[in-house]
Each structure stands twice: as structure tokens, then as C-alpha cells.
Number of protein chains: 2
Amino acid sequence: MLTERQRGILEFIQSEQREKGITPSTREIQHHFGFASQTSVMQYIDALERKGFLDRHARKARALITPVQKVRITDIPIYGQIPAGMATLTEQTIEGHISLDTRSVNASKNGRTFALRVHGDSMIDAHILDGDIVILEDRKDVQNGDIVAALIDGETTLKRYVTEHGRPYLKAENPLYPNLVPARELRIQGVLVSLVRKQIAAPRRKRG
Amino acid sequence: MLTERQRGILEFIQSEQREKGITPSTREIQHHFGFASQTSVMQYIDALERKGFLDRHARKARALITPVQKVRITDIPIYGQIPAGMATLTEQTIEGHISLDTRSVNASKNGRTFALRVHGDSMIDAHILDGDIVILEDRKDVQNGDIVAALIDGETTLKRYVTEHGRPYLKAENPLYPNLVPARELRIQGVLVSLVRKQIAAPRRKRG
DNA sequence: TGAGTGCAAGTTCAAATGAACACAATGGTA
DNA sequence: TACCATTGTGTTCATTTGAACTTGCACTCA
């Protein structure tokens, strides 16, 4: 699809974006490859754009969008708790951020994506551990069997959403924890789309 | 630390970088905030740089480096198999890439980081599932209890590294699988540092 | 043989862009 | 009071930078 030279140009642009954080100008590319004319670079950029390996913001400096940028990193805020609904998700309650490329997350474009740090082992049978970071999406279409973050007694907890005989309830994936049948409304805050676990260096026990 | 306006400017720069992939020019920032003069923006950028919230490439267009870029995303290659040792980890065997910020991974600076897609349920009791992506590091200091990728019978498998009476062996975290005591040498390819799970939308079964 | 494509050089332009300097108002602090 | 940081305007300058047009060579394909 690409010629040797074209691939070289694209890789140089990408490596500069990754290492320096900025896109090289056409002259900078020119000098790196030792071209006598800047026009050569323009032609390569034309070819790369035509073949779909590059997007360009016309007449803007250093404005080449390569797959490095395209696989947009979503900078997801990590919350400790979501006490009073999504409205209170302010900057203050953010514990940190996590970055993932969009392919790694099952996230759709619509919903807002956020993350929670898991407390406790109530979802251990779903293989979600204490300390895991779960990526959730503020979505409307919750389905039977989805793992969700819900507001119960003023606290956000992670549970499996199950409907039985048309009535929804929340199921813990640990026999030690009871199921939760909502008395009134059920406030779903997000649906699990992805999970990130930072492995601890020296595990104390093999199983819980 | 930052004034309201300064934070607003920084957030605008970051949101443009995230959404459009390119850093706004000083004039673009000016027009977004309705300033009559471009100098105002220059002053804010000065302040942000002085306070350490921004890095600047002098005299280069659209060359502001914000924390969005700083938390360098490590573009980790995902391999399906590592048959014949690290030497054969060529571009061809790469299944894809995954991006994580360096904080999310336990990765040290020394070792090379790579990823494997997990096949099978031999590590189910360590809560590692079929289809999970495990992030590993090519490290020398393997410790008792670490989960490692090792080469066994020409195939890469994920197992727990256990030493007993001074002799190392590989333990599957599933009673259905046998332990593996190496006859000769043990080829450790990487130590588990992190894990990413892409949640499937509609789970068919709750447990294996 | 002619058309098309990739590659490279030379030249010139206009716009985009970072930067500098002068001036001024405000609010807090030493 | 004097000093300083913050905020804002107005103006000007020198580069930087993308872009356009031309010419030339080599190679492939019809």
C-alpha cells in the first residue's frame, strides 16, 4: 500500500509526535531526510493523505493527524465514590486519571466514560478484585446481566444487574454478599465496559 | 496554584489537543476567549509555563506540551504467541497495540514492555480470563509468586512462578491444569505488571 | 510510444504565528 | 506608600510554515 519512502516519512512523523509531543513541520521533515527541497515532503504528505494514512488541517502549522492521534487516548477520570449522582462528579472528587486508547475500551461515542476504583471483594466471582479500576459508561440501555455501578444507601457499589420476572435487582458476585432488591427506584450510574488491573509486585496470598 | 482564568486557558488547550489532535495557536485561543489582543494569551502561556503546567518549544508553531502529552502513552505491542524467544518478536507477530499511560502500568524504565492475549482459563483462580490482555515486562528479577509468561514446549503460557526447596516450577491457577516442573532450563519471557479486560457486552454465563 | 506514478529539486508567495514593547487598571502585600 | 502579580489592549516585527508552480528523471503498464 505504501512505498518504502512513504512509510519512512509516516514513521518519522509518528515518532516525533510520540517522543517530542509535537508534529514536525515540513521543513523539519525535509532536513531529517536530507532533501534539498521542501516540495518533496509536500508530495509525500499528499500521497499519505490520499491513501488515508494521514489527516490534514489545511493551512495550519504542524497539523498532521496520524494514527497515533487518531486512536484517541481517552483521559478517563477516576472517582473514589459517586455519592449523589452524576451531577456531583466535580473535579474535586477525581482521584486520578487513566489513559486508554479507544479500542481497548468498549466505549461508544454517546455516553460519558469514567472510572471507579473497586473497594471490597463483592464481585470476586466476576473476577473483579479489590483495587481494580473499572471503566464505566453513563449509558441508558442497561441490559440483563450487565455489571453496573449503582447508588445504594448513598454509596456507589458495583453489582450485576439482573431482571427476573420483569423486576430488576442487583446481584453481588460473591455468595457472602446479599442480593439487593431496590425498594423504589434504581439509580444506575454506569455500565462496565472495561477493566484495568495494576498487578501488585509481591502477592501475599494466592486466593481470597 | 492557578487562577481561574489560567486554569480555563490550560483546559481549553488540553481539550483542543484531545478533540482535534492539534494544539491551538495563540490567536485561536485568543478568539475562543474573546480577547481583543493576542498578547493576553502570551501572558497566560508565560504564567502557565512559569508555574510548571506547560512546556514550550520556543519559536515553534502549536508547540505547547501539556500534561496530556506528558503522561507519555506507552504504545505496547500485543503478541499472540512468542514461540522461539524474544528474538522473534518481529513486527509480523504483532496482533495489535494497546495504549496506557505509564502510571497505569507498573512498568519500570529498564525492561521492555509487551502484551499478550490470554488463551484459555488456566489462570482463572488468579482472576485472569480468556481474552484478557496481560501487560508483561522483560525483566531479570523474577520472584517467587510472580505471574510470568514462559516458553513451554514451543508455546508461550501464563503461569505462576513458584520456588519450593530452591527449585522453581510453574503453577497453573486452575485445579484442572497440572503444575509444570521444568526438566532443564526455564525460559521466562516476562513478568506480569498489568492487565486490561475489555468487557463483553452480553455475558452468556455468569461463571465458568 | 504515450500516459501515469513516484521521486526530487528550485523558486516564490501569502498567511500563520510566536514574540516583543508600550500602556493601563486592579488588588493584594510588604 | 511602593512593589508585584494578574489581567487586558494596541501595535509591530521577524520567522515559520503551508502551499503553489515549474522542471526533470526513472519506472511501469497498456
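The structure presented is a predicted model; accordingly, all values stated were derived computationally and were not measured. Sequence lines set the chain letters: A, B, ... in the order given, protein chains first and strands last, and positions in each chain run from 1.
Distance, B:F33 CZ to D:dT6 C1': 16 Å, rounded to whole Å. As rounded to whole Å, 13 Å separates atom P of C:dA16 from atom CD1 of B:I22. One can place OH of B:Y44 at 9 Å from P of D:dT9, the figure rounded to the nearest angstrom. We find that CG of A:L54 is positioned 12 Å from P of D:dG18, with the value rounded to whole Å. The CG-P distance, from A:D46 to C:dT5, rounds to 13 Å in whole Å. Atoms CG (A:L64) and C1' (D:dT16) sit 15 Å apart, rounded to a whole Å. Rounded to an integer number of Å, the gap from CZ of B:R7 to P of D:dT6 is 16 Å. Between the CZ atom of B:R5 and the C1' atom of D:dA5 there is a distance of 17 Å, given to the nearest Å.
The minimum heavy-atom distance between A:Q6 and A:Y44, with the atom names listed, is CG-CD2, 3.7 Å.
Comparing C:dA8, D:dG8, D:dG10 by their nearest atom to the side chain of B:F35 picks out D:dG8.
Residue A:T157 holds its OG1 atom at 8.0 Å from CG of A:L151, rounded to the nearest 0.5 Å. Rounding to the nearest 0.5 Å places CZ of B:R197 at 9.5 Å from NE2 of B:H127. Taken from NZ in A:K171 to OG in A:S122, the straight-line distance is 11.0 Å, to the nearest 0.5 Å.
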Exercise. For nucleotides 17-30 of chain C, just jot down a letter per nucleotide in 5' to 3' order: B, S or -, based on protein non-hydrogen atoms under 4.0 Å.
Key: BBBBB---------

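When heavy atoms are screened at a 4.0 angstrom cut-off, A:T3 is found touching the sugar-phosphate backbone but no base atom.
Ring planes of A:F33 and A:F12: perpendicular class, angle over 60° (limits at 30 and 60°).
A salt bridge does not link A:K20 to B:D55: none of the charged nitrogens lies less than 4.0 Å from a carboxylate oxygen.
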